[in-house]
Amino acid sequence: MTLHPRIEAVTDRIRRRSAQPRQAYLDGIDAILSAGPQRTRLSCGNLAHAFAASGPTDKGRLRADVTPNLGIITAYNDMLSAHQPFEAYPEIVRKVARELGATAQVAGGVPAMCDGVTQGRPGMELSLFSRDVIAQSTAISLSHDMFDAALYLGVCDKIVPGLLIGALAFGHLPAVFVAAGPMTPGIPNKEKAAVRERYAAGEATREELLEAESASYHGAGTCTFYGTANSNQTLLEAMGLQLPGSSFVNPDTPLRDALTRAAAERALHITALGEDYRPIGHLIDERAIVNAIAALMATGGSTNHTIHWVAVARAAGIILTWDDIDEISQTVPLLARVYPNGEADVNRFAAAGGTQYVFRELLDAGMMHDIPTIVSGGMRAFCDEPRLSEGRLAYAPGITSSADEAVVRPVSNAFEAQGGLRLLRGNLGRSLIKTSAVKPEYRRIHAPAVVVDDPRSLNKLHAAGVLPHDFVAVVRYQGPKANGMPELHSLAPLLGLLQNQGRRVALVTDGRLSGASGKIPAAIHITPEAAAGGPLARLREGDMILLDAEAGILEAQVDPEEWKLRTLAPDTARPSHDMGRNLFALSRAQVTPADQGALSISCGPPSPEHGWEVDAEYELGHVPAAAGAPHESKDA
């Protein structure tokens, strides 16, 4: 395979930029490895505490220190449909381990909140920071030094990135991620969205809306649209951390159970006690990170990963920038149309060829690295399809031609020549836009700004009939430092309704937008954010905004001299002191900018000020002096 020259150039640039922090990270892993398995160094008292509740067989094996012990990190709770299937997984894993002469223990649980439940609610301000809490919870769970490999049970938005960051903090341990699978199809996502828009227009009752939502979210498994949760699964496979083809197999099926058993078997086979040792810290290098971004672009995945994978890379000593992501997006074509980028759900995507087909196309085109993974055969193994053979997991070659070209296509006949995201630049800062779900005729807008600090204000302005015919909704003070960077998907029905009426509308914000959002042009994750003295705080009602996704431009068309003289507008939204948000004041105070992963925790090797240098490109996320003095957070 010949690597595409732009993919090769981006990878080399990341490698050079990351040389010092990456080496520091690997040195740390190797220092742990040189001492041998951690469990052998526990005192008798330590060890006795760790197996006190185990049965006789497991206790005997744990005392002997000669067989692997799997640590299970679980995000199980029975409120989340995506995580409810994990209830039965630990017992399946323990049984497999015992059959193979090994042991397995639930090392700990991590919180798993649902953005679908908290959307538009105060709890959404805890969502992004939950990723960092999950990373810390993972580290606490693994801190007992009892484990030779770990299985990670998690699916949704912040859970998988948090588990990944935590796993990379224990980079000397092999890691296998285990999916739960999507729920079976409900009503079409497009039909659900139409009911939402009718409700926003006052044309549908709450009962009708609830019936449509319930028919869509109707059972165990991940929501079936291609949002952050399902994008997580694709990216895990693209990095080789999840069994091939395991992402989109429905829960409570024989194949799903076989995949869970096989995941436990694989984890046992790749520990330091065997001959096929594959620690996650060595598997996840700059090539794996590039693979994840390439897969994200090819499938039109969630914008949330432009934040999360910067943080994940950082946890492995790798410096990924939005410029890298933008260049990969301009190189990798869009090969999939899955809602919100199309009408198909992930079940139909899987039936049409799924990740196996997309990965084969990318590998053949030189747009994905063939890297070592948790299984033999590198990334080519991820082009195969899981099957059941006499009750055991087996693999067969995946299809070589799309089974449904309305859903997946080859590189030679891509939906679009470029991937699903673009980086926007201008006097409002740097931001990202998801273009794959926006029709070309809506990708450029020149309209006056309607500026609000509270997303709910936009609905009130609409109800009062005072919104301009065409406008750019500017929702500021929604960044990580201001209020935890909530998703603003609750605005999608209103803006979608207005666009359907023939009006030109767009969203500009330093907040996030759900992976389920699509057809409205939205410049999101603006950095520097308003609360850090960013240019959004200089905007005034009626300023003309140009958003051009094709040209990569976002700017306020204000006289430069006037722009310099403007003061920073204060945050008029109510303070965040209820529903647990006061507990995260320290996180808001110390969080990094969105383009540096929006991290509220220390992640990876020491920072540049502690000895290693980065080029000026990485510094773009810092607040420039011209942006003005930092704005004091209202809840610091």
Side-chain angles (χ1 to χ4, degrees), residues 25-76 89-111 132-154 162-178 263-275 277-282 315 601-605:
Y25 174 77
L26 293 175
D27 288 346
I29 293 176
D30 293 341
I32 296 173
L33 296 180
S34 64
Q38 300 294 292
R39 192 167 71 254
T40 62
R41 299 200 297 279
L42 294 180
S43 72
C44 294
N46 295 151
L47 195 58
H49 274 86
F51 60 56
S54 300
T57 300
D58 288 354
K59 191 174 292 187
R61 290 169 179 170
L62 290 168
R63 290 170 65 102
D65 289 328
V66 294
T67 58
N69 184 36
L70 296 182
I72 303 168
I73 312 295
T74 178
Y76 163 73
Y89 281 31
E91 188 52 41
I92 294 173
V93 172
R94 283 190 286 261
K95 182 178 179 182
V96 169
R98 287 169 185 146
E99 289 172 352
L100 295 178
T103 53
Q105 296 174 300
V106 173
V110 302
D132 298 352
V133 173
I134 290 163
Q136 292 173 314
S137 300
T138 301
I140 291 169
S141 299
L142 294 174
S143 67
H144 301 96
D145 285 342
M146 277 293 294
F147 310 108
D148 302 291
L151 289 174
Y152 297 90
L153 314 184
L163 290 171
L164 263 172
I165 293 169
L168 286 164
F170 285 75
H172 62 288
L173 292 179
V176 177
F177 283 73
V178 190
E265 291 177 12
R266 191 59 195 155
L268 290 168
H269 289 151
I270 59 176
T271 74
L273 297 177
E275 297 179 355
Y277 179 48
R278 301 183 184 219
I280 184 175
H282 281 278
I601 56 175
S602 178
C603 185

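Scanning both residues, A135 and I601, for their nearest heavy atoms gives CB-CD1, 4.1 Å. In this structure, V106 and P90 approach most closely via the heavy-atom pair CG2-CB, 3.8 Å. When all heavy atoms of G162 and T138 are compared, the pair lying nearest together is O-OG1, 4.3 Å. In this structure, A267 and A149 approach most closely via the heavy-atom pair O-CB, 3.7 Å. When all heavy atoms of K59 and A52 are compared, the pair lying nearest together is NZ-O, 3.5 Å. Residues L142 and A150 come closest through the heavy atom pair CD2-CB, 4.2 Å.
Each of T271, N69, I72 was scored for a side chain to side chain contact (heavy atoms under 4.5 Å, CB included) with F147, with one residue passing: N69.
You'll find the side chain of Y89 reaches within 4.5 Å of the side chain of V178, heavy atoms only. Inter-residue side-chain proximity for L268 and T67 is flagged as unmet; no heavy-atom pair is nearer than 4.5 Å. Between M146 and L42, the closest side-chain pair of non-hydrogen atoms falls below 4.5 Å. At least one side-chain heavy atom of F177 sits less than 4.5 Å from a side-chain heavy atom of L164. The side-chain heavy atoms of D30 and L33, taken from C-beta on, include a pair separated by under 4.5 Å.
Using modelled atom types, one side-chain atom of H49 and one backbone atom of G45 make a donor-acceptor pair closer than 3.5 Å. In this structure, D58 contributes its side chain and T103 its backbone to no donor-acceptor pair below 3.5 Å. No side-chain donor-acceptor contact under 3.5 Å links Y76 to the backbone of L153. A donor-acceptor pair is defined here as one N or O able to donate and one able to accept, closer than 3.5 Å; such a pair exists between the side chain of R61 and the backbone of R98. The main-chain N or O of A50 is found under 3.5 Å from a side-chain atom of Q105 such that the two form a donor-acceptor pair.
Rounded to the nearest 0.5 angstrom, I92 CD1 and L151 CG are separated by 11.5 Å. Atom CG of D148 and atom OH of Y277 lie 9.5 Å apart (nearest 0.5 Å). Separating the CZ atom in R94 from the OG atom in S54 is a distance of 9.5 Å, to the nearest 0.5 Å. Annotation: the span from E275 atom CD to I270 atom CD1 amounts to 14.5 Å, rounded to 0.5 Å. Interatomic distance, CG of L163 versus CD1 of I134, reported as 6.5 Å (0.5 Å rounding). For the atom pair L173 CG and I29 CD1, the distance stands at 9.5 Å (nearest 0.5 Å).
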R278 vs R266, side-chain contact (heavy atoms from CB on, under 4.5 Å): CA-CA, chis, key distance, verdict: CA-CA 10 Å; R278 301 183 184 219; R266 191 59 195 155; 3.7 Å; yes
